[in-house]
Amino acid sequence: MEYSIQQLARLSGLTARTLRWYDQIGLLKPARVAESGYRYYGPAQVDRLQDILYYRALGVELGHIRELLDDPSFDRLDALRRHLEKLRAQQARLDALIRSVEKTIGCEERRENMNDAEKFEALKRQAVAENEAAYGQEARTAYGDSAVDAANSRFLGMDKTTHDAWNEQDVRLRAGLEAAVQAGLSPESETGRELCALHRQWLAATTPRLTPAMHRGIAELYVQDERFTAYYDRTVPGCARFLRDAVARWAE
């Protein structure tokens, strides 16, 4: 079976413009291009497009998808199985969040009060779902599904007191970074060492087996990924880089 670009667009739900863009960036090349310039796609291209859409649904960037699919060691069946595992995990998180929201709505309609533990549980599950959507793929690629699942589990297991203390550590860390950068301190200073230790303590709450190499790898993401950089630099530019350099010096 062979499809024109318009036919494949209708089949996949994409636009012809998107398929032309995929061709341009080397993500999905047509099987052949006719003398008229029309693109035609065969079974192999249809399968590859399906793989692309699966990865896109998990939030993977196009450039990384191309690298994955073009890797000689790429195993489609293994990739599909991993997709299924991740989708089921997402479904479980969403189902739990839906149940919590439904319970909240029911309490509001009956003018009943949810206890604080139930309210807190709903917020934690929402936070995990949002974090997975934003950073899950990168974290799972870097550290593996088991490490990320364990971190999520520890986070969901926090009681309110522990969670409040964990958030307070994050506030203290960002305030300390901003003060250090504004004062022109060096990441190799005693303040840099203290901030590295505070950051490790904050991470260890959800990642108890945190190694120095993992600590440095996570801190490196803060300058490589603009989303993390924006989080730490939103008030004072340079905080993400200061933390990365402090961890590189002091992580142990």
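When reading the values below, keep in mind they use all heavy atoms of this one structure, side chains included, and skip hydrogens, waters and symmetry mates. Computed from a predicted structure; not experimentally measured.
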Checklist entry - Regarding Thr15 and Thr18, is there a side-chain donor-to-acceptor distance under 3.5 Å anywhere? => result yes
Item to check | By ring pair (Phe, Tyr, Trp, His ring centres under 6.0 Å) - contacts of Trp250 (at least two apart) | outcome: none
Checklist entry - Is it true that the side chains of Arg10 and Tyr3 contain a donor and an acceptor less than 3.5 Å apart? => result no
Checklist outcome for this item: CZ of Arg174 to CG of Leu243, rounded to nearest 0.5 Å, is 12.0 Å
Next on the checklist: Through direct or indirect side-chain contacts below 4.5 angstrom among Ile, Leu, Val, Met, Phe, Trp and Tyr, which residues connect to Tyr40?
Outcome noted: Tyr38
Item to check | Pairs touching residues 232-247 that satisfy side-chain hydrogen bond (donor to acceptor under 3.5 Å, both in side chains), sequence neighbours left out | outcome: Glu220-Arg244
Checklist entry - Can you tell me how far the OG1 atom of Thr229 sits from the CD atom of Glu226, to the nearest 0.5 Å? => result 8.0 Å
Item to check | Between OH on residue Tyr55 and NE2 on residue His83, distance to nearest 0.5 Å | outcome: 4.0 Å
Checklist entry - Using links of under 4.5 Å between side-chain heavy atoms of ILVMFWY residues, direct or through other members, which residues join Leu80 in one cluster? => result Tyr54
Next on the checklist: List the residues meeting ring pair (Phe, Tyr, Trp, His ring centres under 6.0 Å) with Tyr41, not counting sequence neighbours, and say none if there are none.
Outcome noted: none
Next on the checklist: Can you list everything that forms a side-chain hydrogen bond (donor to acceptor under 3.5 Å, both in side chains) with Arg48? Sequence neighbours excluded, please.
Outcome noted: Asp70
Item to check | salt_bridge(Glu85, Arg82) N-O dist < 4.0 Å | outcome: no
